[in-house]
Amino acid sequence: MNEFHSETECLDFLKKYGLATPTKTSLPTFYYYAPNSSAPVACEIIGYDQAFDNWAIVVINAADTIVKIHSGYLLEMKTRGTPRQKREHQTGRKKNAALSTYVVFDIETTGLSYSSDKIIEIAAIKHKKDQVTEFHEYVYVADRIPEKITRLTGITNETLQDASPIDVVLPKFLSFIENHALVGHNIKSFDLPFINKACSDLGLPPVKNRVVDTLPLARKKLPGLGNHKQTTLCSYFGIDTSNAHRALFDCCMCDQVYRSLTGDIDA
């Protein structure tokens, strides 16, 4: 651990990673929510374990318990623990939401049960006005990847050996999607339950973004199709499916399906 030796050193670190405003002259109060707990405890930032360009793994002391925590995760807990900031966050969410901005996302998992299986890959494509950005992360799991999942996705335990665990990847994903509308195929029944189970396990609030699920949308728009699987819709619209069942490629396919179904990204 890299320990802070002065309040100034700690404050400079907090400002660099957006945990304190540039004009702040004293250390702000932070809160920690233990997993599955709704009661916060005040915590002290004592150092950091890893530091990158835009985020860091921060070391905190919460009620005499040393915890390593993603900087984005810690910021969310600070917002959640301060009623005034929470109201401002919610107000900003409504004000900044824009129909021309949305995020298509997809996950790959070790199985179909969000209560017992694990996320092994998360990908997303963000459309924000004229800008398009991508997010892609593998997620390390200690469990053995089932052979049927490897056959379907090509992902093996060796693929994940250098990946970060979910407590690092998930906050990065949540930071990427912000409060934008989420688009995906069958995400209400599959992807979001997995994401929200992971949020719950980490003590994070559930994702409450607006959701546009292309499965019910396709059923409404194209009732005559035999089924409404994403690959079927891609075939109908002439979209390439050669890399199906890999999260980022599935996002690309879903994005094209969504645009084809709506004819307008503002729909």
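Here the structure is a predicted model, which is why all the values come from computation and not from measurement.
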Test item: side-chain donor near acceptor, His185 and Thr214, under 3.5 Å: yes
Modelled atom types, side-chain donor and acceptor of Tyr102 and Asp255, under 3.5 Å: yes
Indicate yes or no for a side-chain donor-acceptor contact from [X] to the backbone of [Y] under 3.5 Å, with no hydrogens or angles considered.
X	Y	answer
Asn209	Leu182	no
Asn2	Tyr48	yes
His228	Leu222	yes
Ser200	Lys197	no
Tyr17	Phe52	yes
Asp191	Asp106	no
Asn186	Leu215	no
Ser260	Gln256	yes

Sequence neighbours excluded, every pair satisfying salt bridge (charged side-chain N to carboxylate O under 4.0 Å, His left out) that has a member inside residues 131-140: Glu137-Lys172
Hey, is [atom1] on [X] packed in by over 12 heavy atoms from elsewhere, all under 6.0 Å?
X	atom1	value
Glu158	CD	yes
Phe249	CZ	no
Gln161	CD	yes

Linking I/L/V/M/F/W/Y whenever any side-chain heavy atoms sit under 4.5 Å apart, do [X] and [Y] land together?
X	Y	answer
Ile166	Ile177	yes
Val169	Val67	yes
Val59	Ile69	no
Val58	Leu174	yes
Leu74	Leu27	yes

Side chain to side chain contact (heavy atoms under 4.5 Å, CB included) assessment of Glu121 paired with Ile155: CA-CA 9 Å; Glu121 186 180 24; Ile155 298 174; 3.3 Å; yes
Chi angles and distances behind the side chain to side chain contact (heavy atoms under 4.5 Å, CB included) call for Phe30, Leu14: CA-CA 11 Å; Phe30 287 88; Leu14 297 180; 3.9 Å; yes
Qualifying residue, where the test is side-chain contact (heavy atoms from CB on, under 4.5 Å) with Val103 and the options are Lys128, Glu178, His180, His127: His180
About how many Å separate [atom2] of [Y] and [atom1] of [X], when rounded to the nearest 0.5 Å?
X	Y	atom1	atom2	answer
Thr241	Leu233	OG1	CG	11.5 Å
Thr29	Ile45	OG1	CD1	10.0 Å
Leu192	Ile107	CG	CD1	8.5 Å
Cys43	Tyr31	SG	OH	9.5 Å
Lys208	Asn196	NZ	CG	9.5 Å
Leu11	Thr25	CG	OG1	7.5 Å

CA sep, side-chain torsions, deciding dist, call: Ser113, Ser116, side chain to side chain donor-acceptor pair (under 3.5 Å): CA-CA 6 Å; Ser113 173; Ser116 58; 3.1 Å; yes
Side chains of [X] and [Y], heavy atoms from C-beta outward: is any pair under 4.5 Å?
X	Y	answer
Asn61	Ile66	yes
Ile145	Thr110	yes
Asp250	Cys254	no
Ser26	Glu7	yes
Ile60	Ile46	no
Tyr138	Ile120	no
Thr109	Tyr114	no
Val139	Pro165	no

Give me the atom names and distance for the closest heavy-atom approach of [X] to [Y].
X	Y	result
Leu19	Ser71	CD2-O, 3.4 Å
Phe237	Val257	CE1-O, 4.4 Å
Pro22	Lys15	O-NZ, 3.1 Å
Gly154	Thr159	O-OG1, 4.1 Å
Pro28	Ala20	CG-CB, 4.2 Å
Val141	Asn157	O-ND2, 4.0 Å

Could [X] and [Y] be called an ion pair, given the rule that one side-chain N must be under 4.0 Å from one carboxylate O?
X	Y	answer
Lys16	Asp12	no
Lys68	Asp49	yes
Glu108	Lys118	no

Side chain to side chain contact (heavy atoms under 4.5 Å, CB included) between Phe176 and Phe105, intermediate numbers included: CA-CA 11 Å; Phe176 181 82; Phe105 89 95; over 6 Å; no
Side chain to side chain contact (heavy atoms under 4.5 Å, CB included) evaluation trace for Cys199 with Leu170: CA-CA 8 Å; Cys199 285; Leu170 184 61; 3.8 Å; yes
Residue pair Thr232, Asn227: steps toward the side chain to side chain donor-acceptor pair (under 3.5 Å) verdict: CA-CA 7 Å; Thr232 301; Asn227 67 69; 2.5 Å; yes
Phe190 and Phe194 aromatic ring geometry - parallel, tilted or perpendicular at 30°/60° bounds: tilted
cation_pi(Lys126, Phe135) dist<6.0 Å, angle<=45: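 Verdict for Phe135: no cation-pi partner in Lys126.
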